[in-house]
Amino acid sequence: MTNEKDTINHSRRRFIKKSGLVVGGTLLGTFIGTSVQGNKQQSPPPPTSEKKNYNRALKFFTRREDFDTLSAATERIFPEDENGPGAIQLGVPYFIDHELASGYGHNNREYMKGPFFLGSEFQGYQSPLKRRDLFLKGIRKIEEVSKNDYNASFVDLEDEQQDELLTKFEEDKVEIKGVKASFFFNTLISATFSGAYADPLYGGNADMEGWNMKEFPGAQMSYLNEIEEEKFIKKGPIALNDHM
């Protein structure tokens, strides 16, 4: 007899399997505001034992609801389960936000002039929209469809409803001006997995938990001392900052 948690986990894994997701080795390329209230001095916050992560700050998104929709969508693509944390805990939404504020969001390294034709999946980025515009259009369309079809915000839907809605994008059953819904969906998938497995330097893969789940050793500088060993050697992951 299965309980409710088992049913949800099964639902999430079925959605990922249905989407045909494959973890690749490609990583994505690469405002903080201050407010002062008069001259009134405020007491410093009480000390806390929890270490602050100053990477968890928005650089691109200006509407919190957009970021929350993105967060919920990435969690459905890469959900928390018995294997480890999901996209939100790994910091994937912040990774995507930071990337969209960078050259990746502006398509700085790609040819962006027309004409634009529908290319194959092997021909790279095929849209007149820059990624920052693609994500805004796609995320707001997710919220629009959610309110139209379910009379609720995407973040308030049940897991199965979120899966149903995202599947509509995967199957091009949603119209987005200037781009196919499936193109946005596949770009979102790629960004989500990149955030889960990129070096923590870029804002995702918190505490290298993404690597731990894959038993990936990370940014090892050399295997010179182990290369001659006959037995299998399991090494914990090392991030780029560990070499500083």
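Within the 3.5 Å criterion, the main-chain N or O of Asp199 finds no donor-acceptor partner in the side chain of Asn205. Counting only distance, with no hydrogens or angles, the side chain of Arg132 and the backbone of Leu100 share a donor-acceptor pair below 3.5 Å. Distance alone, capped at 3.5 Å, places no donor-acceptor pair between the Asp207 side chain and the Glu209 backbone. Side chain of Thr69 to main chain of Glu65: a donor-acceptor pair is present (N/O by atom type, distance under 3.5 Å, no hydrogens or angles). Between the Glu170 side chain and the Phe185 main chain, no donor and acceptor come within less than 3.5 Å of each other. Panel note: side chain Gln220, backbone Pro217; a donor-acceptor pair is recorded below 3.5 Å. With hydrogens and angles ignored, the 3.5 Å screen pairs a side-chain donor or acceptor of Asn107 with a backbone N or O of Arg131.
Taking a cutoff of 4.0 Å between a charged side-chain nitrogen and a carboxylate oxygen, Lys137 and Asp133 do not qualify as a salt bridge. Between Asp172 and Lys180 there is a salt bridge, with a side-chain nitrogen of the basic residue lying less than 4.0 Å from a carboxylate oxygen of the acidic one. Between Lys141 and Glu175 there is no salt bridge, since none of the side-chain N atoms of the basic residue sits less than 4.0 Å from a carboxylate O of the acidic one. Between Glu229 and Lys231, none of the side-chain N atoms (NZ, or NE/NH1/NH2) sits under 4.0 Å from a carboxylate O, so this pair counts as no salt bridge.
Atom CE in Met221 sits 9.0 Å away from atom OH in Tyr223 (nearest 0.5 Å). Distance check: Ser182 OG to Leu188 CG gives 12.5 Å after rounding to the nearest 0.5 Å. Interatomic distance, Lys59 NZ to His98 NE2, rounded to the nearest 0.5 Å: 5.0 Å. Note that OG of Ser102 and OH of Tyr202 are 10.0 Å apart. Values are rounded to the nearest 0.5 Å. Expressed to the nearest 0.5 Å, how far CD of Glu110 lies from NZ of Lys130 amounts to 11.0 Å.
Closest heavy-atom contact between Ala196 and Val92: N-CG2, 3.6 Å. Across Thr74 and Ala87, no two heavy atoms sit closer than the pair O-CB, 3.4 Å. Across every non-hydrogen atom of Leu58 and Arg64, the tightest pair is CD1-NH1, 3.9 Å. Closest approach of Ala191 and Tyr104 over heavy atoms only: CB-OH, 4.2 Å.
A donor atom on one side chain and an acceptor atom on the other are found under 3.5 Å apart for Ser153 and Glu143.
The shortest distance between side-chain heavy atoms of Pro200 and Trp211 falls below 4.5 Å. Counting heavy atoms from C-beta outward, Met213 and Leu90 have side chains that approach closer than 4.5 Å. In this structure, the side chains of Glu75 and Pro93 stay at 4.5 Å or more apart for every pair of heavy atoms. The shortest distance between side-chain heavy atoms of Gln161 and Leu165 does not fall below 4.5 Å.
Transitive grouping of hydrophobic side chains (ILVMFWY, heavy atoms separated by less than 4.5 Å) brings Leu201 and Ile96 into a common cluster. Leu129 and Phe60 end up in the same hydrophobic cluster when Ile, Leu, Val, Met, Phe, Trp and Tyr side chains are linked at under 4.5 Å. Both Phe216 and Met208 sit in one connected hydrophobic cluster of ILVMFWY residues. Membership requires side-chain heavy atoms under 4.5 Å apart, directly or through other members. In the hydrophobic clustering of this structure, Ile77 does not group with Ile88; members are Ile, Leu, Val, Met, Phe, Trp, Tyr whose side-chain heavy atoms approach within less than 4.5 Å, directly or through other members.
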Requested in this report: Take Phe95 and Ser194 through the side chain to side chain contact (heavy atoms under 4.5 Å, CB included) test and state the conclusion after the steps.
Outcome: CA-CA 9 Å; Phe95 168 86; Ser194 291; 4.0 Å; yes

Requested in this report: List the steps and the verdict of side chain to side chain contact (heavy atoms under 4.5 Å, CB included) for Phe61 and Ile139.
Outcome: CA-CA 11 Å; Phe61 288 99; Ile139 289 166; 3.7 Å; yes

Query - Candidate pair Phe154 and Leu166, rule side chain to side chain contact (heavy atoms under 4.5 Å, CB included), full reasoning - result: CA-CA 10 Å; Phe154 183 76; Leu166 292 175; 4.1 Å; yes

Side-chain atoms of residues 236-244: list all donor-acceptor pairs with protein atoms under 3.5 Å, sequence neighbours left out, distances to 0.1 Å.
from: Asp242; atom 1: OD2; to: Ala239; atom 2: N; distance (Å): 2.8
from: His243; atom 1: NE2; to: Ala219; atom 2: O; distance (Å): 2.6

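Under the salt bridge (charged side-chain N to carboxylate O under 4.0 Å, His left out) criterion, Asp149 pairs with Lys168, sequence neighbours left out. Partners of Glu215 by salt bridge (charged side-chain N to carboxylate O under 4.0 Å, His left out), not counting sequence neighbours, listed by chain and number: Lys234.
The aromatic rings of Phe135 and Phe184 stand perpendicular to each other, their planes meeting at an angle above 60°, with 30° marking the opposite boundary. A parallel orientation is assigned to the rings of Phe193 and Tyr197, their planes being inclined by less than 30° (bins at 30° and 60°).
Heavy-atom contacts from other residues, nucleotides or ligands closer than 6.0 Å to CG of Asn148 number more than 12.
If you run side chain to side chain contact (heavy atoms under 4.5 Å, CB included) between Gln162 and each of Asp156, Leu157, Ile142, only Leu157 comes through.
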